[in-house]
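Computed from a predicted model, the values in this text were never measured in an experiment. Chain A is the first sequence line, chain B the second, and so forth, proteins listed ahead of strands; every chain is numbered from 1.
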Amino acid sequence: MQQRPQAGLTPKLEVTLRVNGVERRVSLRPWTTLLDALREYLDLTGTKKGCDHGQCGACTVLVDGRRIVSCLTLAVMKDGVEITTIEGLATNGKLHPLQKAFISHDGFQCGYCTPGQICSAVGLIAEGHAKTADEIRELMSGNVCRCGCYPNIVAAIEEVMQGVPSESRP
Amino acid sequence: MIDFDYIKARDISDAVGRMAQNPAAKFIAGGTNLIDLMKENVARPTRLIDITGLPLTEIEETDEGGLLIGALVPNSDLAYDERITKRYPLLSSAILAGASAQLRNMASTGGNLLQRTRCLYFYDTTTPCNKRERAQAAARLTASTA
């Protein structure tokens, strides 16, 4: 890696990040990823850093409603666009249906991949391409769970996709 | 990561002009491959030229009866486009067989063709690799057999 004195670094840029409906002005180097900006500059630590190479999906967030991996996204490139993280899914203190379903189906063990799983599932349902459990598995394959909670994750997503509320389950 | 500066291209001629000024610059769109290579110190551009604002996001019919795909059409939009699924189903299924839903949402068509995802030696900058730096491995081989 190119080592330069701190003073010689490319200067910071002023960026407006619109996260969960709140505009935040931050001063960032061009190489700060959206993931690092959320965690280190905005104290939104719900979004997790797993592999940091776009392979595990733990850092999945929604940008203009589309699921992306924030570790391979430069924050300066998301100036002014709508970003939704796990912290922004609940409304008025009520959990998002997917958050409820993950709890009722026990869709996690350690919980580290869960914010990414849930944000990814929100994107999946909005995309509308998954109709069957097999299609959920295929289109959720960008989110890895080390604890192996896949059957329960699929069950939780399937339930929300079919519009069955968690409360009415036996 | 490495130190670089960042500029957002105003239009196509601005993007091309800025690239001509700096041979060590790189265009960035989805970033799914380039950012990863920069984190591994394999790609070391001194400047990134952001082309995501350019008008290259359409899929258009051509006079010859084909389709012209804009360089910035995301992989997912391309794979699910009705014209692609009906007329070029192989292209659609090839795209959907690769990466993940998140990466396909980010990755552009142009970037897909330009990607440099290769083997472990390519990514490991302590090993010689002709794909990463031309003639490096050959030079090593010559030196060791001399």
Co-membership, hydrophobic cluster, residues A:Val15 and B:Ile28, 4.5 Å side-chain | yes
Determine whether A:Leu74 and B:Leu48 make a side-chain contact, defined as any pair of heavy atoms from C-beta on separated by less than 4.5 Å.
-> yes
Of B:Leu34, B:Asp77, B:Leu96, the largest count of non-hydrogen pairs under 4.5 angstrom with chain A goes to B:Asp77
Side chain / backbone / both / neither for B:Ala29 at chain A, heavy atoms under 4.5 Å | backbone
Cluster overlap A:Ile68 with A:Leu28, hydrophobic side-chain contacts below 4.5 Å | yes
Heavy-atom pair of closest approach, residues B:Leu103 and A:Leu72 = CD2-CD1, 4.1 Å
Residues that, via side-chain heavy atoms closer than 4.5 angstrom, fall in one hydrophobic cluster with B:Leu90 | none
Value rounded to 0.5 Å, distance of NZ in B:Lys8 from CE in A:Met77 = 7.0 Å
Minimal heavy-atom distance between B:Ala101 and A:Leu139, with the atoms involved, is CB-O, 3.8 Å
Which atom pair, heavy atoms only, marks the closest approach of A:Gly142 to B:Ser100?
-> CA-CB, 3.5 Å
Proximal component of A:Asp79, with respect to chain B [non-hydrogen, under 4.5 Å] = neither
Any side-chain heavy-atom pair of B:Lys39 and A:Cys71 under 4.5 Å | yes
With the 4.5 Å side-chain cut-off for hydrophobic clustering, are A:Val69 and A:Val19 part of the same group?
-> yes
Within the side chain of A:Thr10, is there an N or O that forms a donor-acceptor pair under 3.5 Å with the backbone of B:Asp3?
-> no
Kindly determine whether B:Gln102 and A:Asn143 satisfy side chain to side chain contact (heavy atoms under 4.5 Å, CB included), including the steps that lead there.
-> CA-CA 9 Å; B:Gln102 290 96 315; A:Asn143 292 83; 2.8 Å; yes
Which bit of A:Leu13 comes within less than 4.5 Å of chain B, counting heavy atoms only: side chain, backbone, both or neither?
-> side chain
For residues B:Phe4 and A:Pro30, report the shortest heavy-atom separation together with the two atoms involved.
-> O-CG, 3.4 Å
Considering all heavy atoms of both residues, which atom of A:Arg66 and which atom of B:Pro74 are nearest to each other, and what is their separation?
-> NH2-CB, 3.6 Å
Do A:Leu35 and B:Met106 share a hydrophobic cluster, counting only Ile, Leu, Val, Met, Phe, Trp and Tyr and linking them when any side-chain heavy atoms are less than 4.5 Å apart?
-> no
Distance from A:His53 atom NE2 to B:Leu37 atom CG, nearest 0.5 Å?
-> 10.0 Å
From CG (B:Asp36) to CG (A:Asp52), nearest 0.5 Å = 9.0 Å
Near B:Leu120 CG, under 6.0 Å, is it more than 12 heavy atoms from other residues, nucleotides or ligands?
-> no
Less than 4.5 Å apart, any side-chain heavy atom of B:Asn105 and any of A:Val63?
-> no
Could you work out the complete set of other residues in the hydrophobic cluster of A:Val144, with links drawn between I, L, V, M, F, W and Y side chains under 4.5 Å apart?
-> A:Tyr150
Give a yes or no on this: more than 12 heavy atoms of other residues, nucleotides or ligands lie within 6.0 Å of atom CD of B:Glu61.
-> yes
Kindly check if the number of other-residue, nucleotide or ligand heavy atoms within 6.0 Å of CD (A:Glu14) is above 12?
-> yes
Examine whether an atom of A:Thr32 lies under 4.5 Å from a heavy atom of chain B, and if so say whether it belongs to the side chain, the backbone or both; otherwise answer neither.
-> neither
Other residues, nucleotides, ligands: >12 heavy atoms within 6.0 Å of A:Lys12 NZ = yes
Treat each ILVMFWY residue as a node, draw an edge where side-chain heavy atoms are under 4.5 Å apart, and state whether B:Leu114 and B:Ile69 are in one component.
-> no
